[in-house]
Each structure stands twice: as structure tokens, then as C-alpha cells.
Amino acid sequence: MEWFYVNGQFVERSQATIPVDQTGIARSFGIFDLFRTVNGQPRFFEDYLRRFSNSQRFLDLSRQIEEEEIRIAVTGLQERNGYDHSTFKMVLLGDGPDGAPVYDPFFYIMNFPLASQRPAGVKVITHEYVREFAEVKSLNYFTTFALTRKKAAAQAAEVIYHKDNLVSEASRCNVFVIRDGVLSTTTQHILHGITRMHVIEAAKQIMEVRLEDLSPSDLMEADEVFITSTTKDVMPVTHIDGQVVGTGKPGDMSSKLQKTFEDYFLDKVIVA
């Protein structure tokens, strides 16, 4: 039996529903966030809560979902579902009649088991686009899904966005490059990923880190490229638009950073 949390109630997945005339769904007026557990331990949970609260303020609903409610809901789902490795997806929709002066919150959390195995490296494609309100984790993924066929044809796992010769982010990830032993990542028009933030801190232990603009040519000329996200951690990129990155295999520095990041997380758990 699988449990979700919907508007203040724990419900079986089969009973979890959203009205078909729900404004947040019909107008894509909503936000979400997603975190994971490792061995039953929510990873960087407080950081995700803060980001979710910031996104809530952007929606400006009639009230905010308090962090304490979220903590209680997450604990309840952990107890009911009992997954060691899982994802928690928190979704907040604006609820009310179309055109209302203010919308009420419709809040739910889904909890799914997460496979521990991931590919060693991935292919990506690029696309000229910059997300509106990139700093908010909104439900607007229209461009991402419109590129599904193009991604499939290229056997690509992700799309990296760029515009006006400036790389921003991938559709669900942040982007990093390594060149001459220096790690660089973009700062403009991006969602400031929680994993990104902690990877930067972990990387400082083993290499120089620069926060700077990157161009598409910087990606193509890099020794190594990787993407980061809640479920991908540090994921090496082996091909971009069919062109080989570095040797076409996960690079030495990316592999070293993967281990460094794992140790960094374990240290935080021990300290906590």
C-alpha cells in the first residue's frame, strides 16, 4: 500500500485525486519541490523547505503552507511507506475560480521509491531558450516536454538551455564544466539548485571553483561537463548534440567529485 498526503490528510495513492476544474492544473499555476531520502535520511531537507517557502511567496496565495505541517506530513509518509531510498515531491497549486482576486492553497506530497542505480554518464542536447522566473521551481515545463521526441532521437537524458550566447541550466538540472582543473558553473537565469549549492561546497575541498558566465562553446571545449540535481547528484555528460565531451567517458575529476560529494553528505549526517 502506498500513501500520499493531500490537503491535510494521509490517503492511499488510489484515493488521491485532484478536481478536474482545479485552477492550478488548468492554468499551470503552481510550484513544486522535490527532495530525496538516503537510507531513510532526508537529504538537505531544511534547504528544500526554505526554497519551497520562497517559491510560495512568489505565488502569493491566501496563506502559506507552514514548514511544521510539511515536516509532520513527511514524517507521517515515511512511517507509512517505509522506503529507505525515495523521493518526496511537494506540490502547491492555486485553488479557486478562474479570475479570482486571490487563490487558496491546494497542497499535496507524493512519496515514491527511488532506484539506487544510475547511469555512469549521459548524453544531452542543447536548445535556445531561457525559463521565465527561473529562480522559482514552477510547474511550467512546457518546453521540456515539447522536446521529448528530439531528446529520444538523440538518446539524450537532458536538454541544456542557452540564449544570447549564455548557458543557463538544463531542464531539470544545473550545469558545470571542468577545464584545466578548474570547476565553473553558471549563475544567471537559473534555479539555484540545492544539490548545486552543496556540490560547490564539496568541490572546494579538491579544486578551484568559479561562479561565472558560460557560453555554448565553453561546454563544447570543456575537459569535462556534468549536471547536478536531487536524483542525479553529480552526473557526467559524455556527449553534447552528438559531439564527444573529453574522452566520451566520465572524467577523472567528475568521478573524484562524485566520491567527495558522497563523503560530504555523510559528514553532514554525522554532524547533524
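The chain is numbered in sequence order, starting from 1.
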Open item on the list: Pair Leu34, Thr231 - check side chain to side chain contact (heavy atoms under 4.5 Å, CB included), show working.
Closed with: CA-CA 9 Å; Leu34 182 139; Thr231 57; 4.1 Å; yes
Open item on the list: Regarding Glu67 and Arg71, does a basic nitrogen lie under 4.0 Å from an acidic carboxylate oxygen?
Closed with: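 Yes, charged N to carboxylate O under 4.0 Å.
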Open item on the list: Under 4.0 Å between a side-chain nitrogen and a carboxylate oxygen: does that hold for Glu262 and Lys259?
Closed with: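 Looking at Lys259 together with Glu262, the answer is no, because their closest N to O distance does not fall below 4.0 Å.
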Any side-chain to backbone donor/acceptor pair from [X] onto [Y]? Under 3.5 Å, distance only.
X	Y	result
Asn111	Thr87	yes
Ser171	Thr144	no
Gln22	Ile25	yes
Asn174	Glu169	no
Glu224	Ser254	yes
Ser28	Gly24	no
Gln258	Val234	yes
Gln78	Gly40	yes
Asp104	Ser62	no

Just how far is it from atom [atom1] of [X] to atom [atom2] of [Y], taken to the nearest 0.5 Å?
X	Y	atom1	atom2	answer
Asp33	Lys137	CG	NZ	5.5 Å
Leu147	Glu158	CG	CD	10.5 Å
Leu214	Leu166	CG	CG	8.0 Å
Glu66	Ile72	CD	CD1	11.0 Å
His162	His127	NE2	NE2	8.0 Å

Open item on the list: Would you call the rings of Phe52 and Phe107 parallel, tilted or perpendicular, taking 30° and 60° as the class edges?
Closed with: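 It falls in the tilted class, 30° to 60°.
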Looking at [X] versus [Y], is the centre-to-centre ring distance below 6.0 Å?
X	Y	value
Phe112	Phe4	yes
His198	Phe265	no
Phe45	Phe35	yes

Should [X] and [Y] count as side-chain neighbours, where that means a heavy-atom distance under 4.5 Å?
X	Y	value
Pro105	Asp95	no
Thr230	Tyr48	yes
Met207	Val182	no
Pro119	Met235	yes
Thr247	Lys249	yes
Phe261	Thr195	yes
Ile109	Val91	no
Pro19	Phe106	yes

Are side-chain N/O atoms of [X] and [Y] paired as donor and acceptor at under 3.5 Å?
X	Y	result
Glu2	Tyr83	yes
Asp98	Thr23	no
Thr143	Tyr161	no
Asp213	Gln188	yes
Asp241	Thr126	yes

In one Ile/Leu/Val/Met/Phe/Trp/Tyr side-chain cluster, 4.5 Å: [X], [Y]:
X	Y	value
Leu183	Val237	no
Ile178	Tyr264	yes
Val225	Val199	no
Val159	Val175	no
Ile227	Met220	yes

- [ ] Decide side chain to side chain contact (heavy atoms under 4.5 Å, CB included) for His85 and Val38; before the verdict, give the C-alpha distance in whole Å, the side-chain angles of both, and the deciding distance to 0.1 Å.
- [x] CA-CA 5 Å; His85 304 285; Val38 179; 4.2 Å; yes
Task: By side-chain contact (heavy atoms from CB on, under 4.5 Å) - contacts of Gln64 (at least two apart) - done: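 For Gln64, the residues satisfying side-chain contact (heavy atoms from CB on, under 4.5 Å) (neighbours in sequence not counted) are Gln56, Arg57.
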Open item on the list: I'd like to know whether Phe32 forms a ring pair (Phe, Tyr, Trp, His ring centres under 6.0 Å) with Tyr141, so could you lay out the CA-CA distance, the side-chain angles of the two residues, the decisive distance to 0.1 Å, and finally the verdict.
Closed with: CA-CA 12 Å; Phe32 78 101; Tyr141 276 65; 5.8 Å; yes
Tell me, please, whether [Y] has [X] positioned over its six-membered ring: NZ or CZ under 6.0 Å from the ring centre and within 45 degrees of its axis?
X	Y	answer
Lys163	Tyr129	no
Arg80	Phe10	yes
Arg172	Phe145	yes

Open item on the list: Determine whether Ser215 and Asp218 satisfy the following criterion, side-chain hydrogen bond (donor to acceptor under 3.5 Å, both in side chains), listing intermediate values before the conclusion.
Closed with: CA-CA 5 Å; Ser215 68; Asp218 289 325; 3.2 Å; yes
Open item on the list: Atom CD of residue position Glu212 - does it have more than 12 heavy atoms of other residues, nucleotides or ligands inside 6.0 Å?
Closed with: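 Atom CD in Glu212 is packed in, count exceeds 12.
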Task: Whether over 12 other heavy atoms sit under 6.0 Å from Arg118 CZ - done: yes
Non-hydrogen atoms of [X] and [Y] that approach each other most closely:
X	Y	result
His239	Gly248	CE1-O, 4.2 Å
Val136	Leu191	C-CD1, 3.9 Å
Ile190	Ser168	CG2-O, 3.1 Å
Leu49	Ile70	CD2-CG2, 3.5 Å
Ala202	Thr260	O-CG2, 3.5 Å
Leu93	Leu139	CD2-CD1, 3.4 Å

Open item on the list: Would Val167 and Leu219 count as a side chain to side chain contact (heavy atoms under 4.5 Å, CB included) here? Give the steps.
Closed with: CA-CA 9 Å; Val167 171; Leu219 296 182; 3.9 Å; yes
Open item on the list: Apply side chain to side chain contact (heavy atoms under 4.5 Å, CB included) to residues Ile240 and Ile125 and explain how you reach the verdict.
Closed with: CA-CA 5 Å; Ile240 301 176; Ile125 58 175; over 6 Å; no
Task: From CA spacing to verdict: salt bridge (charged side-chain N to carboxylate O under 4.0 Å, His left out), Asp233, Arg36 - done: CA-CA 11 Å; Asp233 287 347; Arg36 62 183 290 192; 3.4 Å; yes
